[in-house]
Participant: 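First the structure, then my questions, so here it is.
Scope of the values below: all heavy atoms of this structure, side chains included, with no hydrogens, waters or symmetry mates. Since we're looking at a predicted model, the values are computed, not measured. All chains are named by letter (A, B, ...) in the order of the sequence lines, taking the proteins before the strands, and each is independently numbered beginning at 1.
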Amino acid sequence: MEFNFSEIEKKWLAAWEQNGTYQVSNQSDRPKYYVLDMFPYPSGSGLHVGHPLGYIASDIFARYKRLKGFNVLHPMGYDAFGLPAEEHAIRMGVHPAISTKENTERYREQLESIGLSFDWSREIRTSDPSYHKWTQWIFTLLFEHYYDKKADKAKPIKELVAYFEQNGNRDLDAATTYEELFSAEDWAAFSRKEKDEVLMHYRLAFRSVGTVNWCEALGTVLANDQVKNGLSERGQHPVELRPMTQWFLRITAYADRLLEGLKTIDWTESLKSIQRHWIGRSEGALVKFDLQGLEEQLPVYTTRPDTIFGVTFMVLAPEHELVDRITTPEQKEEVNQYVKYVAGRSERERNAEVKDVTGSFTGGYAIHPFTKKPIPIYISEYVLKDYGTGAIMAVPSDDERDMAFAKKFGIEIIDVIDKSDYPNATLSDKVGKVINSDFITGMEVPDAIEEIIKRVEAMGIGRRGVNYKMRDAGFSRQRYWGEPIPIVYDADGVAFSLPLSELPLELPDVPEFKPTADGQSPLGRAVDWVNLPDGRKRETDTMPGTAGSAWYFMRYTDPHNNDAFAGKEAIDYWQNVDLYVGGSEHAVAHLMYSRFWTKFLYDLGYINFDEPFKKLINQGMIQGIIEIAFLKKENGKIRFISADMVDNRKDFSEFFVPIEFVSDYGKETSYLDEEGLRKFAAWNVDFAKATFEMKDGYFKDGQFTPTKEGGQCRFVTHSEAGKMSKSRYNTINPDDIIAEYGADCFRMYEMFLGPIEQSKPWNTNGIDGISKFLRRFWALFYDADGKWLVTEDAPSPEALKVLHQTIKKVLFDMERFSFNTCVSGFMVAVNELRKLNCHSKEILEDMVRLMAPFAPFITEELWTKLGHEGSVHLSSYPDFDEKYLVKSSIDYPISINGKKRAVVPFPADASKSDIENAVRSLEIVQKWVGDKEIKRLIVVPGRMVNVVV
RNA sequence: GCCCGGAUGGUGGAAUUGGUAGACACGCAGGACUUAAAAUCCUGUGACUUCACGGUCGUGCGGGUUCAAGUCCCGCUCCGGGCACCA
């Protein structure tokens, strides 16, 4: 009987669904194991072959754990809110809910066809009101809590208000941006609006002014990566930075815990280091400088208080609120111009300018706290408003940027650190001996840092300070297709969160999905929805994509619960994710927010774990091959030139060729034949009249004309590895591969491509090998005429050895997520069993169970044929027995001076001295030793022998 | 510039963590079956050298440690990813 995969796959997909084979219960005696994939955004183009790589790996592991006796939660869902659906809506007028639904259904079909063992009864969509109800609920909790640094956890705002009523904000240690002190009486005297403003500085979800990339022409706010050189990527319109009141999440309150938590989780070192850098914790001091002629002081943050005697100027961020007051009338003009110049530059540009420092003198002076000398104050774009205090004490001798600035503006440079004892130290290393620095001269840098901090604390002008690069997270989007922020404002503009009873707050229907003229989100168009009957108004911003994905893994534990984000029992049972698989492009955004929300919900006692993902594997990207055709436009005519005739590609324009037209796709020699050229020319109207020049002739108007006798029509295309995407016309659809080779083959092939974390270009060069392997495996059970070959005979010792070796290898490889080597292990086993002519049921049954996680369809079919009632996927995983692995003799490689010269078998129990003596008398050894003498003879039992001459 | 990864046959990749480099697969070559082809099966396949037995070289480059290095150490080159006036 032939191995007919399409029939088998269809049959078992239906059976698994009907039997609920992969449904998992929240009640079990088995230990739990939670395997999760980063859920996809369901785009209109469906899955390509790159997506399933991680899904297949995690599915194999989930199936493996299930067979190993765990109760495995392995769900899937969709990150269904997002920009592409909204842009599609703006262009095509289709409601995002409709296109999203269509796309998710297509994804579901594709995912099922791969044979992934998801419990589809737990499927979620972040855009479903039943789901986003709880996203909104968590937002209201963030709004109703502040961060108590003493208790090191989130606490209710109510408690904060009670504290204010008693004590004002004296002796309060909370995460806040509020600077002033107030008493209980002050608090009582504050208006409702003033109280609201004060509390906003404490809430974990709060409103504040942030700058956004505003594009007037598009009438919308753009993300950083949609802006290039100050112009919108789409349409090339000018983009300006505009201050806008926005919602933020106070993630910085959790900075330390997010940093510390990294120590407890099993992620790749690179991922952890990305997060560490993102958090960017630094230790230093806050020092306040007096200002000449002003009451106020200027606070600066520095990691190098020891260099304070080297300060020769100060620099403020151009947006710093003190700039206006410091600037003298004479400098006003220049400063205003500079501020204006900086405002016109995007954050990217400001950061990209490294060589050429710019700035402007304000005319104002600060007073050095120790020397009492006046220090000129400048503004410059290299100081960022949002980092530290937005102002620095500049030490040109010990900081490259300060140095460049001082040189440009002719400012004095005082050497304060002598690094001659540390020849390898760089400028930024905190080592050296302090010089030219009054009372700290002669100290080592670390001691000097301590001494200055002690002094400024004693003088009451400073304190030790910790600073983070990480900023509070902008949480507002002026978009339609996201969770509405569940906030209403009363007539005074005081914000209130909606109670749970009023959630979910669903998206209103809007006449148009574009933003309003004044920059409000499209929700602003739903006038009746925004304006409540009692005069209150709704917030019109929506949440970003990271909101729904920050907690989705919890929802899978109890996806249909309408009374809680997840039932207490369910979430306590499943807890956090044991294995999380996804791309490293989510290193900061998604993974950081998820960790933050988890810690917050932990603080509130809703969950009993404070990290979402215990182990995380980054799957590599599967790249596509981009096929490029070179062309020239002359007098409005298009000439395509075959790539093998192109010397310098810079002389030509380039065009992506849809890969389905290309022969020998992915190879250097890839080309368009006559048929391909016809299709390509017909595909784009501009090309219908084009000429295609190649070595043997030319192609025009659907006709090939050879210029050489017997010339072949081969228009060579240039092949290049790159991202797989719709716009490059190079996506490869898993459906086609599955139709041709079957899902088992597709699964195994993706694994066989190499280690899971590695990126690699997609090609089907080796897929035949897997296909052959599966047919050979099948052939152990059925011969070509469909005769059942499996016997009840006792297996031979050789066959047992092959089986148990394979089990051992596969178990070992599974535990280290080395799926590619598992596949070669199976191949070796099948090759061996074939040679041994083994058809023993005992052996084959174990092989079926062993391979079940990789090839779920063929194994299920054979399992039934072997006479089993239940599913192989609910059976158990085989284990190996060392007794079958004992070798009677071991082949020892014999090396002479480290070079292998022979392989000699010795009994497995041969003693070291037995082997030594035997080796000495070996002919080959004699030959190599010759008339020299053996200096040393090393025998590593069970491994090898090395003779040193 | 800084911080992480990586580099092994024609190709994808293996190597039990210092112990037979190149498993497995693709590709290629030769052969069997066939009227022929496909499919299938068998054999060979790192390079150089040799009629052959064999020998020499060989894991990006240059050093080192060791009886023994793809694996450890030092110094580079190239490729991929992340961060980048962060005070």
Participant: Please give, in whole Å, the distance from B:rC86 C1' to A:Glu381 CD?
Facilitator: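 Going from CD in A:Glu381 over to C1' in B:rC86 covers 15 Å.
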Participant: A:Arg834 side chain N/O closer than 4.0 Å to the phosphate oxygens (OP1, OP2) of B:rC41?
Facilitator: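 For B:rC41, OP1/OP2 do have a side-chain N/O of A:Arg834 under 4.0 Å.
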Participant: Answer with base, sugar-phosphate or nothing: what part of the nucleic acid does A:Asn831 contact at a heavy-atom distance below 4.0 Å?
Facilitator: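 Touches sugar-phosphate only.
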Participant: Is B:rC26 paired to anything, Watson-Crick or G-U wobble with both distances less than 3.5 Å, and if yes, which nucleotide?
Facilitator: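 B:rC26 is paired, partner B:rG10.
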Participant: Which part of the nucleic acid, if any, lies within contact of A:Lys899, taking any heavy atom under 4.0 Å across all strands shown: a base, the sugar-phosphate backbone alone, or nothing?
Facilitator: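 It contacts sugar-phosphate atoms only.
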Participant: So, is A:Arg901 near the phosphate of B:rU20, with a side-chain N or O under 4.0 Å from OP1 or OP2?
Facilitator: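 No, A:Arg901 has no side-chain N/O under 4.0 Å of OP1/OP2 on B:rU20.
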Participant: Mind running side-chain hydrogen bond (donor to acceptor under 3.5 Å, both in side chains) on A:Thr821 and A:Ser818 for me, showing each step along the way?
Facilitator: CA-CA 6 Å; A:Thr821 53; A:Ser818 176; 2.5 Å; yes
Participant: Looking at A:Lys272, does any N or O in its side chain come under 4.0 Å of the phosphate oxygens OP1/OP2 on B:rC4?
Facilitator: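 It does not, given that no N or O in the side chain of A:Lys272 lies less than 4.0 Å from OP1 or OP2 of B:rC4.
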Participant: Who does B:rA15 pair with, Watson-Crick or G-U, both distances under 3.5 Å?
Facilitator: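 Paired with no nucleotide.
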Participant: Categorize A:Arg775 for me: base, sugar-phosphate, or nothing, with a 4.0 angstrom heavy-atom threshold over every strand shown.
Facilitator: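 Sugar-phosphate only.
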Participant: For nucleotides 11-19 of chain B, read 5' to 3', which letter fits each nucleotide if B means a protein heavy atom sits under 4.0 Å from the base, S means only the sugar-phosphate is that close, and - means neither?
Facilitator: -BSSSB--B
Participant: Taking the side chain of A:Pro893 as its heavy atoms from C-beta onward, which of B:rC86, B:rU20, B:rA25 lies nearest to it?
Facilitator: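 Output: B:rU20.
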Participant: Should A:Lys912 and A:Glu916 count as an ion pair when the cut-off is N to O under 4.0 Å?
Facilitator: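 Salt bridge absent between A:Lys912 and A:Glu916.
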Participant: Using whole Å, report how far CG of A:Asp768 lies from P of B:rC28.
Facilitator: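 The distance from CG of A:Asp768 to P of B:rC28 comes to 11 Å, rounded to the nearest Å.
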